[in-house]
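The analysis underlying the following values was restricted to heavy atoms, covering all of them including side chains, and did not include hydrogens, waters or symmetry mates. Both ligands and their constituent atoms are indexed starting at 1 by order of listing.
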Amino acid sequence: MSAFERYFADPEFVARYVEQGPPAFMPGHAGVLQMVGVLLAETTPVDGVVLVVGAGGGLDTRALAQMEAGWRFVGVDPSAKMLDLARSVLGEAASGRVQLIEGTVSDAPEGPFDAATLILVLGMIPDDGSKLTLLREIRRRLRPGAPFVLVDRCDDREGTDFRRNIDRYAAYARASGVAPETVAGAYESQKANPGLVTAARNEALLAEAGFAGLEPFYRGMEWRGWVAYASA
Ligand SMILES: C[S@@+](CC[C@H](N)C(=O)[O-])C[C@H]1O[C@@H](n2cnc3c(N)ncnc32)[C@H](O)[C@@H]1O
């Protein structure tokens with residue numbers, strides 16, 4: 001089990017996730033989710049079906065469901081505990097429009113879906129063919145031209161700024177009020193993260209997986225967001 005898998009199976013980590021998870025680590029997290037909704041809505045039908053890969057926690061699905069009352073969602077996530085949290089975060093209002101599946105994208109229906117998201121997941125997946133397979137499995141489930149949003153933390157482990165960047169990552173979380181022991185654990189996991197790649201590498205993977213029209217829409221320190229479209 002990787003360090004990240006241990007986190008998402010740990011009831012204490014999951015209980016703190018909404019307060020001390022992505023909103024406390026990624027600058028402008030709520031604004032990013034709002035941008036994701038705006039970008040997807042440009043080309044997604046009002047009754048579209050959105051594939052949310054890594055839907056545990058429910059924050060991204062909740063934000064999108066609140067923005068677009070006609071969208072329906074299929075969310076997949078391998079962590080049962082994170083899916084339980086998603087059910088509670090989504091509440092009764094949204095949960096009628098959301099199907100949650102325990103598993104990876106390979107366990108998702110074939111679609112075709114009208115849009116897809118992969119938010120704060122790809123950075124935990126090793127770049128040994130697994131990242132490319134995940135992106136291809138998403139692409140395969142999208143109708144041609146459908147929008148896809150990727151949000152991820154990127155860096156160059158060999159770069160001269162690596163240490164500075166990871167210190168800033170931790171300092172931002174501390175400034176958000178995250179408990180010191182949580183920050184320390186996250187710092188070590190990120191420092192050793194085998195899935196960490198550069199933004200250029202993610203862009204190359206997106207192209208190789210069959211996405212076109214790639215456009216960066218967000219950067220907060222080393223956190224990045226792209227919108228791209230399933231190639232015809
Ligand atoms: C940092 S959370 C992000 C959750 C959500 N997208 C958000 O932004 O709040 C990462 C999630 O990815 C899930 N995950 C890990 N490996 C995955 C995979 N191969 N496919 C889909 N989800 C995965 C974890 O279980 C966890 O729930």
Side-chain angles (χ1 to χ4, degrees), residues 1-11 13-37 40 50-66 73-90 94 98-109 113 115-141 148-154 169 173 178 182 185-186 189-190 193-196 205 209 218 220 223-226:
M1 209 186 233
S2 74
F4 292 116
E5 284 167 335
R6 276 197 297 280
Y7 280 136
F8 296 117
D10 173 2
F13 174 89
V14 172
R16 292 193 304 266
Y17 182 82
V18 171
E19 298 297 329
Q20 305 220 333
F25 279 83
M26 192 176 92
H29 180 261
V32 170
L33 296 183
Q34 194 169 320
M35 281 191 275
V36 173
L40 296 186
V50 182
L51 174 63
V52 180
V53 179
L59 297 175
D60 33 19
T61 312
R62 180 178 66 181
L64 297 176
Q66 285 171 348
F73 301 86
V74 174
V76 291
D77 197 296
S79 163
K81 291 201 167 47
M82 289 295 282
L83 286 176
D84 285 344
L85 177 62
R87 284 182 196 99
S88 119
V89 161
L90 286 165
V98 182
Q99 179 192 359
L100 293 174
I101 296 167
E102 187 177 330
T104 65
V105 67
S106 308
D107 301 300
F113 290 89
T117 65
L118 185 65
I119 300 179
L120 309 182
V121 178
L122 194 64
M124 300 184 300
I125 310 287
D127 192 14
D128 56 1
S130 307
K131 283 184 197 283
L132 182 59
T133 300
L134 170 54
L135 291 170
R136 280 189 168 143
E137 287 293 312
I138 294 172
R139 163 64 194 89
R140 199 165 69 72
R141 287 170 169 78
F148 168 59
V149 165
L150 169 66
V151 179
D152 201 12
R153 185 174 184 277
C154 299
Y169 161 87
V178 178
T182 305
S189 303
Q190 276 291 342
N193 179 10
L196 186 74
L205 284 165
Y218 162 76
W223 302 89
R224 314 285 186 118
W226 294 268

For Val89, all residues meeting side-chain contact (heavy atoms from CB on, under 4.5 Å), sequence neighbours excluded: Val18, Leu59, Arg62, Leu85
Amino acids in close contact with ligand 1, where any non-hydrogen atom sits under 4.0 angstrom away: Phe8, Tyr17, Val53, Gly54, Gly56, Leu59, Asp60, Asp77, Pro78, Ser79, Met82, Ile119, Leu120, Val121, Met124, Ile125
Backbone N/O of Pro11 and side chain of Lys81: donor-acceptor pair under 3.5 Å: no
Positive for side-chain contact (heavy atoms from CB on, under 4.5 Å) with Leu118, one of Asp152, Val53, Val149: Val53
Polar side-chain atom of Asn193 near backbone of Gly123 as donor-acceptor pair, under 3.5 Å: yes
With sequence neighbours excluded, residues passing ring-ring contact (aromatic ring centres under 6.0 Å, His included) with Phe113: none
For Arg136, all residues meeting salt bridge (Lys or Arg N to Asp or Glu O under 4.0 Å), sequence neighbours excluded: none
